[in-house]
Amino acid sequence: MTAITPLSADELNQLTADFDSDPVNRMAMNAVTSAGIDKVARNYDRARLLQRRFSTTVDNGEATHQDRSGRCWLFSSLNVARFVAKKNMNLKEFEFSQNYAMYYDKLERINYFMGDMADLIRGGEPIDSRLFQHMLADVMGDGGQWTMALNVYKKYGAVPKDLYPETESSKNTGEMNTQLRRLLHTAVAHMVDDPSQIDDIVRRTVEAGHRMLTIHLGEPPKRFHWEWTDADGVFHRDGEITPQEFWNRYVGSADLESYVCLVDDPRREHAKGRKIGIEHLGNVVGGDPTEYLNVPVQFMKDCVRDILVEQGIPVWFGADCHPMMDRADGAWATDLFEYGKVYRVDFDMTKEQRVRFGDSAMNHAMAFVGVDVADDGTTTRRWRVENSWGTKIADKGYFTMSDDWFDEYVFEVAVPKAMLPDEYLKALDEPATMLPAWDPMGALA
């Protein structure tokens, strides 16, 4: 094995001398230390010329705010659902309770995790294995996927936000998640110590998790009375209704449960037109597995364009949101920041290389609500995005994405199954190629 060579004093002195000898380095240092890299690297021409006009726009009302939580996948999926509900109830503004969805996701995830770990322990999985340690490290975060969200809505329905509002812990989930993680770690330690007690430990842990969630988030409604006044001033009364009935009555017409998740896995060993899945990734035991159909990114764009233009409904998607993002102005473009010119470094990895070498993965979910299509009727130029970071940034919470940024940093979209050609429909019936729990395609929004 080649020994790692330490930096010598002479080498350090030479590095410093080389830096100081170039006035461009000094200028860059002075600018970045005073203003920060983003302000210095921001491409003025690209920023000012990124148009914020769209040939098709879907109006979804006021942008929502996930606060200090990682619930973007729930916010964005419910933003799609609320568009349908508003249309069905003739409401200008409406919001589902994201707190309700998180409550049942976390309760189900506790049960899912405990059953998963019980199987590993009974199967003799070493506690220091990569899988075992990954499962312990990744437990009780806020992130999720479209399929996981729909598993919750199908089983538990949804409720209006004013009937199950935000709490301190739903808006700022860190401490609650820490306590839940400690509960699960303790339970796993006890199962390893005494495997004969696994079933009882699982039962008691689910009971404790339910208790803790209810203390933090409140007790979710099982039934409620629903009345509303629509956009025309007409009063409506539904009477008493369950969350499941509410979801089916006002969102069911969109058939979101039949949607398919398309993913762009750029790694060459994962063939397009084939289904992939992630081991140990899920939330509701007995729910739909977290699987994707791997397709070219252009097919994803074509589907999103057609849904927006022809159906006029928002489209859920997952992306690596951080690269080349101007958060305050609400913009993404691949050349929005010229970091390489400031540092004089070539950041030239492809999308495949960024995934393969840990530089990029899906970490945020949002909804497409607009597109600008060229006069040929097919070429997409830019996209309008409904985010869940509140109304004080971007265009009152709505972002603009250049078309080339979609190619590089969007990984997943959820679309109606009926949009797929026969070859893709056939692929859905084939077993998924299962990837390990730590694979980048298993990253959660």
Side-chain angles (χ1 to χ4, degrees), residues 54-58 60 73 76-81 83-84 87 145-150 251 253-266 270-277 288 290-321 332 351 362 364-387 399-430 432 441 445:
F54 308 89
S55 56
T56 296
T57 299
V58 177
N60 206 17
W73 60 291
S76 50
S77 57
L78 287 174
N79 282 340
V80 175
F83 177 86
V84 179
K87 187 175 181 180
Q145 288 276 356
W146 170 268
T147 304
M148 296 164 69
L150 269 293
V251 184
S253 60
D255 197 20
L256 300 181
E257 292 86 347
S258 71
Y259 275 37
V260 174
C261 288
L262 307 179
V263 72
D264 175 30
D265 183 345
H270 297 157
K272 298 300 184 183
R274 299 293 300 274
K275 196 166 62 172
I276 59 177
D288 291 331
T290 306
E291 296 178 340
Y292 326 99
L293 183 64
N294 189 21
V295 300
V297 71
Q298 184 60 52
F299 180 76
M300 293 168 56
K301 291 202 290 189
D302 291 343
C303 287
V304 178
R305 178 201 64 220
D306 290 348
I307 294 171
L308 292 171
V309 174
E310 298 173 9
Q311 301 180 32
I313 182 174
V315 181
W316 185 95
F317 75 98
D320 179 3
C321 74
W332 289 288
K351 188 175 187 178
M362 187 177 77
H364 190 48
M366 296 162 283
F368 287 114
V369 290
V371 61
D372 187 59
V373 183
D375 291 341
D376 62 9
T378 59
T379 303
T380 50
R381 302 172 63 192
R382 54 186 171 270
W383 304 84
R384 183 167 171 82
V385 174
E386 179 182 7
N387 210 334
F399 280 57
T400 298
M401 175 193 300
S402 70
D403 194 64
D404 59 347
W405 196 94
F406 189 126
D407 293 333
E408 295 297 324
Y409 298 107
V410 171
F411 284 97
E412 182 181 356
V413 299
V415 305
K417 183 178 179 180
M419 298 189 71
L420 303 184
D422 288 343
E423 61 180 304
Y424 286 169
L425 290 174
K426 291 177 181 178
L428 293 178
D429 294 329
E430 298 294 323
M441 289 300 114

| query | With sequence neighbours excluded, what pairs up with Ala367 under the side-chain contact (heavy atoms from CB on, under 4.5 Å) test? | reply | Val80, Pro314, Glu386
| query | Can you tell me how far the CE atom of Met441 sits from the CG atom of Asp265, to the nearest 0.5 Å? | reply | 4.0 Å
| field | From Leu428 atom CG to Tyr292 atom OH, the distance as rounded to the nearest 0.5 Å | value | 14.5 Å
| query | Quick one: side-chain contact (heavy atoms from CB on, under 4.5 Å) partners of Ser77, sequence neighbours excluded? | reply | Trp146, Ala149, Tyr153, Trp316
| Side-chain heavy atoms of Leu420 within contact of Leu262, under 4.5 Å | yes
| said: With a 3.5 Å distance limit and no angle check, can you tell me whether Asn294 reaches the backbone of Ala271 through a side-chain donor-acceptor pair? | reply: yes
| Asp372 side, atom CG; Thr400 side, atom OG1 - distance, nearest 0.5 Å | 10.5 Å
| Step-by-step salt bridge (Lys or Arg N to Asp or Glu O under 4.0 Å) determination, Asp264 to Lys272 | CA-CA 8 Å; Asp264 175 30; Lys272 298 300 184 183; 2.6 Å; yes
| Is Val373 close to Thr56 at the side-chain level, that is, under 4.5 Å between some pair of heavy atoms? | no
| query | Should Asp255 and Pro416 count as side-chain neighbours, where that means a heavy-atom distance under 4.5 Å? | reply | no
| message | Within the structure provided, determine whether Met419 and Ile307 are in side-chain contact (heavy-atom separation under 4.5 Å). | response | yes
| said: Measuring from atom SG of Cys261 to atom CZ of Phe411, what distance do you get when rounded to the nearest 0.5 angstrom? | reply: 15.0 Å
| field | Validation row: Tyr259, Leu150 side chains within 4.5 angstrom (heavy atoms) | value | no
| task | For residues Asn387 and His364, determine if any side-chain heavy atom of one lies less than 4.5 Å from a side-chain heavy atom of the other. | result | yes
| task | Please test Asp422 against Leu425 for side chain to side chain contact (heavy atoms under 4.5 Å, CB included), starting from the C-alpha separation and ending with a verdict. | result | CA-CA 5 Å; Asp422 288 343; Leu425 290 174; 4.1 Å; yes
| field | Between CD on residue Gln145 and CD on residue Glu291, distance to nearest 0.5 Å | value | 12.0 Å
| field | Option passing ring pair (Phe, Tyr, Trp, His ring centres under 6.0 Å) with Phe399 (candidates Trp332, Trp383, Phe54) | value | Trp332
| query | Which heavy atom in Val315 sits nearest to a heavy atom in Ala414, and how many Å separate them? | reply | CG1-O, 3.6 Å
| message | Is the ring pair Phe368/Phe317 parallel, tilted or perpendicular, if the boundaries are 30 and 60 degrees? | response | parallel
| Contact summary for Ala319 and Val410, nearest pair of heavy atoms | CB-CA, 3.9 Å
| message | salt bridge (Lys or Arg N to Asp or Glu O under 4.0 Å), that's the test. Do Lys301 and Asp403 meet it? Break it down for me. | response | CA-CA 9 Å; Lys301 291 202 290 189; Asp403 194 64; 2.7 Å; yes
| said: If I take atom CG from residue Leu308 and atom OG1 from residue Thr57, how far apart are they, to the nearest 0.5 angstrom? | reply: 9.0 Å
| said: Could you walk me through whether Asp302 and Arg305 satisfy the salt bridge (Lys or Arg N to Asp or Glu O under 4.0 Å) test, starting with their C-alpha distance in whole Å, then the side-chain angles of each, then the deciding distance to 0.1 Å, before giving a yes or no? | reply: CA-CA 5 Å; Asp302 291 343; Arg305 178 201 64 220; 3.1 Å; yes
